[in-house]
Amino acid sequence: MMKRRIEVTDYANVITKALPKDILLTTKADKVNSMVIGWGMLGTNWSKPVFTVYVREGRYTRSQLDKNPEFTINIPIGDYDRNIIRICGSKSGRGIDKIKEAGLTLVDSDNISVPAIKEFPLTLECKVMYLQKQDLSALSGQINHNLYPRDIDGTATGANRDAHVMYYGEIIDAYIIEE
């Protein structure tokens with residue numbers, strides 16, 4: 001497999017259109033795990049290209065990122081198996097091997113320990129440069145009420161009670177995996 005290096009800004013439209021339902025965030029600590037992210041931002045912070053991900057406190061992915069502060073952002077190009085999104089977006093990596101269950105092919109990254117995903121070939125290799133827990137009291141009342149209900153166990157798959165931790169990942173490489 002080959003990796004064709006890209007300028008992230010040339011693909012900004014593709015990346016942002018894939019939000020909020022077609023991007024995988026992949027981590028590697030206890031094991032390799034991918035989750036669907038719905039919230040993310042592409043931009044520049046501290047004069048560096050950055051992809052910011054928002055991970056709820058109770059998610060398995062948070063524990064992975066806290067152990068190994070690196071991640072890949074994996075974006076599909078063209079058609080892909082929607083079963084990947086169903087599995088990676090509805091199940092927790094605590095109890096299953098989502099990589100195996102979704103039939104994902106791991107491709108070694110060149111600069112970090114977290115692999116890319118062949119089936120979602122547009123890849124951003126990122127190293128966490130800053131993280132911050134959201135202060136729910138600083139959110140508008142409507143957003144807080146609608147997106148952070150307090151009556152759901154935060155560790156449950158699909159739960160949305162917990163605040164997010166924002167991980168600012170410096171994009172240290174960007175490419176498209178090609179056969």
Side-chain angles (χ1 to χ4, degrees), residues 8 11 14-43 50-77 80-109 112-134 147-149 152-174 177:
V8 174
Y11 287 84
V14 172
I15 294 166
T16 55
K17 279 187 175 183
L19 286 166
K21 57 185 170 146
D22 294 324
I23 290 182
L24 294 179
L25 162 63
T26 301
T27 57
K28 179 182 177 185
D30 300 326
K31 61 183 175 183
V32 176
N33 186 65
S34 289
M35 71 173 275
V36 174
I37 60 168
W39 296 3
M41 291 188 348
L42 179 65
V50 172
F51 194 92
T52 303
V53 296
Y54 301 79
V55 180
R56 291 198 188 265
E57 291 181 279
R59 298 291 193 258
Y60 177 68
T61 297
R62 168 150 189 227
S63 68
Q64 293 269 100
L65 282 167
D66 289 348
K67 291 175 185 172
N68 179 14
E70 302 176 336
F71 60 90
T72 56
I73 295 297
N74 319 106
I75 301 125
I77 296 178
Y80 65 93
D81 181 358
R82 299 293 304 169
N83 196 44
I84 294 169
I85 295 295
R86 184 186 62 76
I87 291 167
C88 294
S90 68
K91 300 185 182 216
S92 172
R94 279 188 185 95
I96 68 164
D97 181 344
K98 289 197 270 185
I99 303 303
K100 182 178 178 182
E101 190 166 323
L104 298 175
T105 307
L106 302 179
V107 176
D108 287 341
S109 290
I112 62 173
S113 62
V114 181
I117 304 291
K118 177 184 170 193
E119 292 76 12
F120 281 50
L122 200 164
T123 304
L124 308 179
E125 292 184 13
C126 301
K127 287 188 178 185
V128 175
M129 56 194 298
Y130 178 73
L131 64 95
Q132 181 175 357
K133 180 181 170 186
Q134 287 181 316
L147 297 176
Y148 298 93
I152 299 169
D153 175 11
T155 61
T157 302
N160 59 358
R161 165 189 162 165
D162 295 344
H164 287 86
V165 176
M166 298 173 287
Y167 293 89
Y168 291 68
E170 178 184 356
I171 301 168
I172 59 169
D173 204 353
I177 299 167

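Not counting sequence neighbours, the partners of Asp30 by the side chain to side chain donor-acceptor pair (under 3.5 Å) test are Lys67. A search for salt bridge (charged side-chain N to carboxylate O under 4.0 Å, His left out) contacts involving Glu70 returns nothing, not counting sequence neighbours. Listed by chain and residue number, nothing satisfies the salt bridge (charged side-chain N to carboxylate O under 4.0 Å, His left out) test with Lys127 (two or more places apart in sequence, or in another chain). With sequence neighbours excluded, the residues satisfying side chain to side chain contact (heavy atoms under 4.5 Å, CB included) with Tyr80 are Asp22, Pro76, Arg82, Ile85, Phe120. Residues passing the salt bridge (charged side-chain N to carboxylate O under 4.0 Å, His left out) test with Asp97: none are found, sequence neighbours excluded.
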Between Arg62 and Arg56, does the side-chain contact (heavy atoms from CB on, under 4.5 Å) criterion hold? Intermediate values first, please.
CA-CA 7 Å; Arg62 168 150 189 227; Arg56 291 198 188 265; over 6 Å; no
With side-chain contact (heavy atoms from CB on, under 4.5 Å) as the criterion, how do Leu104 and Cys88 come out once you've worked through the C-alpha distance, each side chain's angles and the decisive distance to 0.1 Å?
CA-CA 10 Å; Leu104 298 175; Cys88 294; 4.2 Å; yes
task = Could you please spell out the steps behind the side-chain contact (heavy atoms from CB on, under 4.5 Å) verdict for Asp66 and Val165?
result = CA-CA 10 Å; Asp66 289 348; Val165 176; 5.7 Å; no
| task | Please lay out, stage by stage, how Ile112 and Asp173 fare under the test side-chain contact (heavy atoms from CB on, under 4.5 Å). | result | CA-CA 9 Å; Ile112 62 173; Asp173 204 353; over 6 Å; no
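The side-chain heavy atoms of Val107 and Pro115, taken from C-beta on, include no pair separated by under 4.5 Å. Side-chain contact between Ile99 and Asn33 is absent, with no heavy-atom pair separated by less than 4.5 Å. No side-chain heavy atom of Tyr130 sits under 4.5 Å from any side-chain heavy atom of Met166. Using a 4.5 Å cut-off on side-chain heavy atoms (C-beta onward), Phe51 and Ile15 make contact. Put simply, the side chain of Leu24 does not reach to within 4.5 Å of the side chain of Ile73, judged on heavy atoms. Looking only at side-chain heavy atoms (C-beta outward), Tyr60 and Lys31 come within less than 4.5 Å of each other.
Closest non-hydrogen pair, Ile171 versus Cys126, comes out as CG1-SG, 3.9 Å.
Atom CZ of Arg86 sits about 7.0 Å away from atom CD of Glu101, to the nearest 0.5 Å. Here the straight-line distance linking atom CD1 of Ile87 with atom CD1 of Ile96 works out to 7.0 Å at 0.5 Å rounding. Rounded to the nearest 0.5 Å, atoms OH (Tyr168) and OG1 (Thr52) are 5.5 Å apart.
Listed by first and then second residue, the salt bridge (charged side-chain N to carboxylate O under 4.0 Å, His left out) pairs involving residues 114-125 are Lys118-Glu179 (not counting sequence neighbours).
Side-chain N or O atoms of Lys98 include one that pairs as donor or acceptor with a backbone N or O of Lys91 at under 3.5 Å. Panel note: side chain Thr123, backbone Pro121; a donor-acceptor pair is recorded below 3.5 Å.
For the side chain to side chain contact (heavy atoms under 4.5 Å, CB included) test with Leu124, the passing option among Thr72, Ile172, Val8 is Val8; the others fail. Considering Ile37, Ile84, Ile23, Ile117 as possible partners of Asn74, the one that fulfils the side chain to side chain contact (heavy atoms under 4.5 Å, CB included) test is Ile117.
A donor-acceptor pair shorter than 3.5 Å can be found between the side chains of Ser113 and Asn68.
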